[in-house]
Undergrad: 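If you scroll down you'll find the structure; I have some questions about it.
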Amino acid sequence: MEGLILFIVLAVLVGVFISMGITMIPQRRGMVIERLGKFHRVLNPGLNLIIPFVDQPRPITILQFEGQAKVVRTETKIDLREILLDFPSQAVVTRDNVGVTIDGVIYYQIMDPQAAVYGAENLVLAIQTLAQTTLRSEIGKMELDDIFENRETINKQMEAVMDEAGQKWGLKVNRVEIRDISMPEDIVQAMNQQMVAERTRRATVREAEGYKEAEIRRAEGDRDAAIARAEGDKQEAVLRAQGEREAIELIVGSLRDHPEGAKAGVNYLIAQRYIGMLPELAKDGDRVFVPMEGTALLSSLGGMRDLFGAGAMGAVDAVGGSAPTATGSGQS
């Protein structure tokens, strides 16, 4: 009976001892095990068995921020997922001596639990401090206007620096983001005034460029119109001259058998011009004064009637109009 009791007690003790050594690790977690104070192994997700009292998990110190308050806690199961670290806003000074407050976040992931536990006494505090110093260094190299234009460049440079330093801590910095940039009120007002002045300047420049373009186009249009008019006048004059030349050639050719020859044709053309000018000369009065040689030319039309016949003189009357009756010496 005593042996049975002893066996049951021993069985219970063995069961308790084994149950104490059973450790369940969730997915995307890890646990660093030390055996007698020395690193032994890293437990992977799933069911694991350790020796109680001999194998002990090595905790990791985690610093978190709840608002502006710091919360320090220890964990034995190390989270291997991507972690968001929202550290408090930092006051930094730009190269042009402007004080700004920058709020940023870091996305990091523990890749090696052993290095994370033994690489830094407080892993999160080390990440935060490195982020702050790197941020001050990068912002101090730039002027205020460059910060807004090169925010992505700042993120990339911080990510590169922190990822290089984080390798010995067993972590990888995936992203660093500048979330907000706060400036003093006087700087904000000055930037607003500068923005308004810049937009006013751009509007003035655009208006001046538009006026310049319009004047250029208007001048080009006037030039093209003048060229077109000149070309039209030229063609009109050429065609008129060609027509007159053909008419003269026709008249002179028809007078080859006339006693006066070409002279009769010239007198005919001059008389025709006189007839065409009489309506213009008579606009300002009821009498027209014609030079003596003009009457002689008009009298020559009688000879032209005999030469060209009634049909030709009808054409002359249609072009120059009927000749007025001559009154007085040298008047008609």
Undergrad: Hydrophobic cluster membership, with links at side-chain heavy-atom distances under 4.5 Å among I/L/V/M/F/W/Y: are V161 and L171 in one?
TA: no
Undergrad: Distance check, rounded to the nearest 0.5 Å: T153 atom OG1 versus R151 atom CZ?
TA: 12.0 Å
Undergrad: Can we say E215 and R218 salt-bridge, meaning some charged N sits less than 4.0 Å from an Asp/Glu carboxylate O?
TA: yes
Undergrad: Could you walk me through whether R206 and E213 pass the salt bridge (Lys or Arg N to Asp or Glu O under 4.0 Å) check?
TA: CA-CA 10 Å; R206 290 291 181 87; E213 184 70 18; over 6 Å; no
Undergrad: Might you confirm whether atom CD of Q242 has over 12 heavy atoms from other residues, nucleotides or ligands at distances under 6.0 Å?
TA: yes
Undergrad: Any side-chain heavy-atom pair from R136 and Q90 closer than 4.5 angstrom?
TA: yes
Undergrad: Report the residue from I33, D55, L49 that forms a side chain to side chain contact (heavy atoms under 4.5 Å, CB included) with L43.
TA: I33
Undergrad: Give a yes or no on whether a salt bridge exists between R179 and D86, defined as a side-chain N under 4.0 angstrom from a carboxylate O.
TA: yes
Undergrad: With rounding to the nearest 0.5 Å, note down the distance linking CD1 in I83 to OH in Y107.
TA: 13.0 Å
Undergrad: If you measure from CD on E159 to OG1 on T134, what distance do you get to the nearest 0.5 Å?
TA: 12.0 Å
Undergrad: Please step through side chain to side chain contact (heavy atoms under 4.5 Å, CB included) for the pair F39 and V32, ending with a clear verdict.
TA: CA-CA 8 Å; F39 171 75; V32 176; 3.6 Å; yes
Undergrad: I'd like to know if the side chain of K77 and the backbone of M24 have a donor-acceptor N/O pair within less than 3.5 Å.
TA: yes
Undergrad: Quick check: closest heavy atoms across F17 and P52, and the distance to 0.1 Å?
TA: O-CG, 3.1 Å
Undergrad: Would you name the heavy atoms of P113 and V42 that are closest together and state the gap between them?
TA: CG-CG1, 4.1 Å
Undergrad: Taking the basic N atoms (NZ, or NE/NH1/NH2) and the acidic carboxylate oxygens, is any pair closer than 4.0 Å for R240 and E244?
TA: no
Undergrad: Could you check if a side-chain atom of L85 sits within less than 4.5 angstrom of a side-chain atom of V105, using non-hydrogen atoms only?
TA: no
Undergrad: Taking side chain as C-beta onward, heavy atoms only, is M31 less than 4.5 Å from I78?
TA: no
Undergrad: With a 4.5 Å limit on heavy-atom distance, are the side chains of E82 and R175 in contact?
TA: yes
Undergrad: Compare every heavy atom of I25 with every heavy atom of N48, then report the nearest pair and how far apart it is.
TA: ND2-CG1, 3.5 Å
Undergrad: Can you give me the closest heavy-atom contact between I106 and A131, atom names plus distance?
TA: CD1-CB, 3.2 Å
Undergrad: With sequence neighbours excluded, tell me which residues meet side-chain contact (heavy atoms from CB on, under 4.5 Å) with Q235.
TA: E231
Undergrad: Between atom CD1 of I102 and atom CD1 of I154, what is the distance when rounded to the nearest 0.5 Å?
TA: 6.5 Å
Undergrad: Considering non-hydrogen atoms only, spot the tightest contact between A116 and I60 and give its length.
TA: O-CD1, 4.1 Å
Undergrad: Determine whether V12 and F53 fall in the same hydrophobic cluster, where Ile, Leu, Val, Met, Phe, Trp and Tyr are linked whenever their side-chain heavy atoms lie under 4.5 Å apart.
TA: yes
Undergrad: Contact between M142 and N150 at the side-chain level, heavy atoms closer than 4.5 Å - yes or no?
TA: yes
Undergrad: Inspect the contact between E198 and R201 and indicate whether a charged nitrogen and a carboxylate oxygen are less than 4.0 angstrom apart.
TA: yes
Undergrad: Output every pair passing side-chain hydrogen bond (donor to acceptor under 3.5 Å, both in side chains) with a member in residues 7-32, not counting sequence neighbours, ordered by first then second residue.
TA: R29-D79
Undergrad: Can you name the closest pair of heavy atoms from M162 and V176 and give their distance?
TA: SD-CG2, 4.3 Å
Undergrad: Spell out, yes or no, whether V124 and L84 are grouped together once hydrophobic residues are joined by side-chain heavy atoms under 4.5 Å, including indirect joins.
TA: no
Undergrad: Same cluster or not: are V117 and L80 linked, directly or through other Ile, Leu, Val, Met, Phe, Trp or Tyr residues, by side-chain heavy atoms under 4.5 angstrom apart?
TA: yes
Undergrad: Do N155 and I178 touch side chain to side chain, with heavy atoms closer than 4.5 Å?
TA: yes
Undergrad: Report the C-alpha separation of R41 and I50 in whole Å, then their side-chain angles, then the decisive distance to 0.1 Å, and conclude whether the side chain to side chain contact (heavy atoms under 4.5 Å, CB included) test is met.
TA: CA-CA 10 Å; R41 64 191 178 105; I50 63 175; 4.0 Å; yes
Undergrad: Using the side chain to side chain contact (heavy atoms under 4.5 Å, CB included) rule, take M183 and V98 through it: C-alpha gap first, then chi angles, then the decisive distance, then the call.
TA: CA-CA 8 Å; M183 296 171 293; V98 178; 5.6 Å; no
Undergrad: Report the C-alpha separation of T101 and I181 in whole Å, then their side-chain angles, then the decisive distance to 0.1 Å, and conclude whether the side chain to side chain contact (heavy atoms under 4.5 Å, CB included) test is met.
TA: CA-CA 6 Å; T101 302; I181 300 176; over 6 Å; no
Undergrad: Side chain of S137, backbone of T133: donor and acceptor closer than 3.5 Å?
TA: no
Undergrad: Could you give all pairs that pass the side-chain hydrogen bond (donor to acceptor under 3.5 Å, both in side chains) test and reach residues 108-121, with sequence neighbours left out?
TA: E34-Y118
Undergrad: Flag the pair V196 / N192 as yes when at least one side-chain heavy-atom distance between them is below 4.5 Å, and no otherwise.
TA: no
Undergrad: How long is the straight-line distance from CG of N122 back to CD of Q128, given to the nearest 0.5 Å?
TA: 9.0 Å
Undergrad: Are I8 and V16 connected in the hydrophobic side-chain network, where two residues link if heavy atoms are under 4.5 Å apart?
TA: yes
Undergrad: For residues E138 and Q157, determine if any side-chain heavy atom of one lies less than 4.5 Å from a side-chain heavy atom of the other.
TA: yes
Undergrad: How long is the span from the CD1 atom in I51 to the CG atom in L36, to the nearest 0.5 Å?
TA: 8.5 Å
